[in-house]
**Q** 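Let me give you the structure first, and then I'll get to my questions.
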Amino acid sequence: MATISTSGSILDVNSIVSQLMAVEQQPLTKYAQKTASYQASLSAYGSLSGAVGVFQASLGGLTKATDFNTLSATPSNADVLSASATSKAVAGNYKVNVSQLAQAQTLTTPGITSSKSAIGLGGKTTISFQFGSASGGFGLAGETLKGPIASTGLSNGSLTINGTAIATDSTTTSARALAEAINAKSTTTGVTASATPASSDAALFAGFGDVETGVDGTYALKVGGVQIGAQGAGVAAGDGITAASIDEALTSPSTVLTALADAGITFTGTAAGGDLQFTRTDGANLDIDEVVTGSAAGVTGGLGSSGGEVNAGSSKTALSGISLKSTDASPITIAGSNPAGAGLAAGTGGTYLGGTFTQDANIASGIVTIDATNNSLEGIRDAVNKAGLGVTATIVSDGSSNPYHLVFTSNATGANASMKIGLSGTDTDPPDSALADLLAYDPSGAQKMTQTSAAQDTRLTVNGIAVTSKSNNVGEAIQGVTLTVTQTGASTLAISKNTSQVKSNVESFVKAYNDLNGTLKKLTGYDAENKTAGALQGDATATSIQSQVRRMLTSNISGLSGAYSNLGQVGISFSKDGTLTLDSTKFQKAIDTNFGDIGALFGAVGNTSDNLVSFTSSTSATKPGTYELSITQMASQGALTSGDPVAPSTTIAADTTWAVTLNDTTPSNSKNTATVTLPAGTYTPAELAKVVQSSINGTSAFSSAGSSVTASIDTDGKLVVSSAKYGSLSNIALSSTSGTSTDSLFGGATAVAGMDVAGTLGGHPVIGSGQTLTGLAGTDVEGLKIDVTGGAVGSRGTVSFSQGYAYQLNNLATTMLGKTGQITSRTDGINKSIKDVEKQSAAFSDKLTGIEARYRKQYSALDVMLANMQTTSSYLTQQLSALAANS
């Protein structure tokens, strides 16, 4: 049987299918066109979002009314000071003269051999640091002038102070003369001197004998050149000068007393009592002379002659010494060829002379414990630094045989930051004596450490008025101005209105609006010249944004009491093309006439009629208006008051620690309780309050949490410890751990918790927290915050609030760009549409694949069939041809 076979394709299947699929794929083009349209809108919204963002950024310097009232502060000498001014400053020129910069106190120990070796026996010793003011001159107390100085004077070169030679010579015969020579060099030495009073021997008149004069004898007693008494020849003992007659001459009124007073001489005691002592307060030498004339045995009695011994006359000179004071409380260096002649010892030193120490309760005190584990210089240094006591400890090596010095520097500057360092032991055990000998420092007592830098304030004058400051940043010396002084000297300070910044901000605002308006116009408009429509033409969201901004700018600001309530009044208006223009002349006039009111036109402003109520902040939900304020409960602080008045003297025992709970929560949190150590000592009630306050505030657990207390003695003499915080979370509780008990001071008194402020604002409910009231959500005063810092319950006037253009526009822009804002919502919608089209396109593409496969199958089968038919035809043709040939 013959077979039929195909020899090739009859149809161009690929071409046929391709042409058919081209027709089938036409809907994909529409999907692509939709996607492109959405992408164009998305891009347009990206441009619009950016323009709104730029516009919002331009409002940054305008949303706070206070920003308009800032002033510039320009010093004439920037090396002396710099300054910044707030809206509270008053424009003008000020003369500033800085005479002293603030600095911190530095104390150093004597040098020791090793920084690592143990100091003392390692007994547990508590070192307390208290801060306050040290009074009394810092310097050196000299002794009585030495040698024959009264007759020969102090030779030149004998004395140098801080490297400066003191000019002395044969006329420098008294402490007074020496002090004058030192003071002549005080500018270069930084040291002033004062002569101590010269006093006669306290026993000089002991055994004063009645004076008897012979036929040719005379006697006269002179003190500092003033004749106290005189006796002529031939006077029997007891009839002339006696101890009683001397006392009588010194009895007021008398010419002797007048002469002594004129000479600056005072006296104590009596001759009859044997303790008569004369004193010359100016430091000049005081001569006591017995002038005798006549034969050798012509006079008996007088000073030291109670037994009637012959008196040949006498002369005694009382000398004094000098006291040196450093003008900046720095150590004084004494040298020269004969400093001992001046009553001084060679070397460097200085202490507070008759000083006192007054603790400042506002500076936290601190405690650190030293024992056998850390009783080296390095151990003490590390312990002090780790404790965070407000002191930085370092070790300095001077290269000598005993090179290592432990140095304490107060972290705070100012005269009130001087250190008092006390050491105490445990229970009945004293502190380690070696540590006490090394570290104890009390301006009013033992000063084992050396002050190398004194705590001092900044001193300056403003227009001739003296000002002091604890730091070199001086606030409020000029109201609203902060000065930063960097060196001594004079400078003027010009405070002026910063109108240029206001102009710049407003110009930026106008430009930013016009840029935004241009963007909106381009996106939503139609270009007739090019016959093209904007990407957002007819877009409701874009049109809404455009109208909202414009409507806001053309509306008046409500709630303002100043000169302006709309933009046109300050020279800002719309042109025919929809842009804003700034009339510079009109705006300058507004600045010149009502500068302070311009800020309220742009920013948010809150005002109160009660000066103990202050506006704090608002939110975009706060509605402008004037609201009546009613207070039903004032905020209070948690406090603990002792049951009885504090004793005149209270002793805090060594190792006294209390458990203090401050501003605890419900439920209680152990983080609010800390162990507080009090420095041992005996205190007056006022001192005790300072010690308690500074000790609690010096506890790191509280200071790091921002919690603190105040302690005081009330009018009943009771000790009151209060949390510095106001409100229902303000509370304090104390309990004893060791040493002096809390009960011994407070008598088991019950603590009182604080309360939050409460009231209404414009009749609307508010919530109180401490001294702050906040308007509740859903009311006109939502988000409005005010602080009530004093006064009483009842009607407290009004709180007014207004929102200027920049403030409102900023809120509007924030809303538009927010997660649920118009722009974000619209772009989210477009993105969703793009994704939907993509899904539809993908689904249709999948459908096309099946259609193509079907077409290809159908036409391939047809091609095979045609090929088979062609083969059959050829076969039949051949067969017929063969039959024809054989017939």
Side-chain angles (χ1 to χ4, degrees), residues 52-75 82-94 478-482 493-517 549 552-575 579-607 615 617-618 624 800-814:
V52 172
V54 171
F55 177 64
Q56 184 179 27
S58 77
L59 306 173
L62 302 171
T63 55
K64 294 181 180 177
T66 53
D67 290 346
F68 284 81
N69 298 327
T70 58
L71 293 95
S72 61
T74 308
S82 59
S84 61
T86 69
S87 58
K88 295 181 180 179
V90 177
N93 292 313
Y94 302 85
I478 304 171
Q479 187 180 25
V481 176
T482 298
L493 182 66
I495 305 296
S496 58
K497 294 178 181 176
N498 196 359
T499 57
S500 60
Q501 186 61 53
V502 171
K503 286 181 181 177
S504 176
N505 289 343
V506 170
E507 288 169 353
S508 297
F509 163 72
V510 171
K511 181 180 183 303
Y513 171 76
N514 289 337
D515 290 345
L516 173 63
N517 183 61
V549 174
M552 195 169 282
L553 289 172
T554 53
S555 299
N556 282 5
I557 301 299
S558 61
L560 292 180
S561 58
Y564 311 119
S565 60
N566 61 64
L567 291 175
Q569 293 169 323
V570 295
I572 302 173
S573 58
F574 278 99
S575 300
T579 60
L580 279 179
T581 60
L582 174 63
D583 183 334
S584 298
T585 302
K586 195 171 184 179
F587 186 67
Q588 183 62 51
K589 185 177 180 181
I591 288 177
D592 295 339
T593 54
N594 294 290
F595 182 71
D597 292 335
I598 297 176
L601 193 60
F602 287 90
V605 180
N607 291 302
F615 167 79
S617 63
S618 62
S800 59
F801 174 68
S802 66
Q803 297 175 335
Y805 292 108
Y807 184 84
Q808 293 185 55
L809 289 169
N810 183 60
N811 288 338
L812 178 62
T814 300

**Q** Verify the distance criterion only: is there a donor paired with an acceptor across the side chains of S72 and S496 at less than 3.5 Å?
**A**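 Looking only at side-chain atoms, S496 and S72 do form a donor-acceptor pair, the distance falling under 3.5 Å.
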**Q** I want to know whether F509 and Y805 have ring centres closer than 6.0 Å.
**A**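 F509 vs Y805: aromatic centres not under 6.0 Å.
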**Q** Does some side-chain heavy atom of I495 sit less than 4.5 Å from a side-chain heavy atom of V90?
**A**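 Of all side-chain heavy-atom pairs linking I495 with V90, none is under 4.5 Å.
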**Q** Quick one: does L493's side chain get under 4.5 Å of V481's, heavy atoms only?
**A**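 Side-chain contact under 4.5 Å: yes.
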**Q** How long is the straight-line distance from OG1 of T581 back to CD1 of I572, given to the nearest 0.5 Å?
**A**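 Going from CD1 on I572 over to OG1 on T581, the span is 9.0 Å.
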**Q** Looking only at heavy atoms, what is the nearest atom pair of Q808 and Q803, with distance?
**A**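 Q808 and Q803 have their closest heavy atoms at NE2-O, 2.7 Å.
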**Q** Check V570 against A590 and note the closest heavy-atom contact, atom names and distance.
**A**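 Of all heavy-atom pairs spanning V570 and A590, the closest is CG1-CB, 4.0 Å.
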**Q** Are any non-hydrogen side-chain atoms of D592 and Q588 less than 4.5 angstrom apart?
**A**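 In short, these two side chains touch, coming nearer than 4.5 Å.
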**Q** What do the steps show when you test L516 against V52 for side chain to side chain contact (heavy atoms under 4.5 Å, CB included), and what is the final call?
**A** CA-CA 6 Å; L516 173 63; V52 172; 3.8 Å; yes
**Q** Ignoring hydrogens and geometry, is there a side-chain-to-backbone donor-acceptor pair from T593 to K589 under 3.5 Å?
**A**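 Side chain of T593 to backbone of K589: a pair is present.
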**Q** Closest approach of N607 and F615, non-hydrogen atoms and distance?
**A**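 The answer is N-CB, 4.4 Å.
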**Q** Of S802, P624, S618, which is the lone residue that meets side-chain contact (heavy atoms from CB on, under 4.5 Å) with Y807?
**A**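 Considering S802, P624, S618, a side-chain contact (heavy atoms from CB on, under 4.5 Å) with Y807 is found only for S618.
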**Q** Flag the pair L601 / I557 as yes when at least one side-chain heavy-atom distance between them is below 4.5 Å, and no otherwise.
**A**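 Yes - at least one pair of side-chain heavy atoms lies under 4.5 Å apart.
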**Q** Just how far is it from atom CG of L580 to atom CG of L582, taken to the nearest 0.5 Å?
**A**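 Going from CG on L580 over to CG on L582, the span is 9.5 Å.
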**Q** Quick one: are I598 and Y564 in side-chain contact, heavy atoms under 4.5 Å?
**A**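 Of all side-chain heavy-atom pairs linking Y564 with I598, at least one is under 4.5 Å.
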**Q** Could you tell me the separation between the OG atom of S508 and the CG atom of L59, rounded to the nearest 0.5 Å?
**A**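 Reported to 0.5 Å precision, the distance equals 10.5 Å.
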**Q** Say whether, by atom type as modelled, one donor and one acceptor occur between the side chain of T814 and the main chain of N810 under 3.5 angstrom.
**A**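 Yes, the answer is positive, given that a donor and an acceptor are paired below the 3.5 Å cut-off.
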**Q** Using side-chain heavy atoms (C-beta onward) and a distance below 4.5 Å, is L553 in contact with L809?
**A**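 The answer is yes, as the side chains (C-beta and beyond) meet within the 4.5 Å cut-off.
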**Q** Is there a side-chain contact between I591 and K497 (heavy atoms, below 4.5 Å)?
**A**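 Not in contact.
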**Q** So which heavy atom on P75 is nearest to which on S82, and how close?
**A**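 Result for this residue pair: CG-CA, 4.4 Å.
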**Q** Between L567 and F602, is any pair of side-chain heavy atoms under 4.5 Å apart?
**A**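 Result yes, sub-4.5 Å side-chain heavy-atom pair found.
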**Q** Would you find a donor on one side and an acceptor on the other, under 3.5 Å apart, between the side chain of D597 and the backbone of A563?
**A**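 Confirmed, D597 side chain pairs with A563 backbone.
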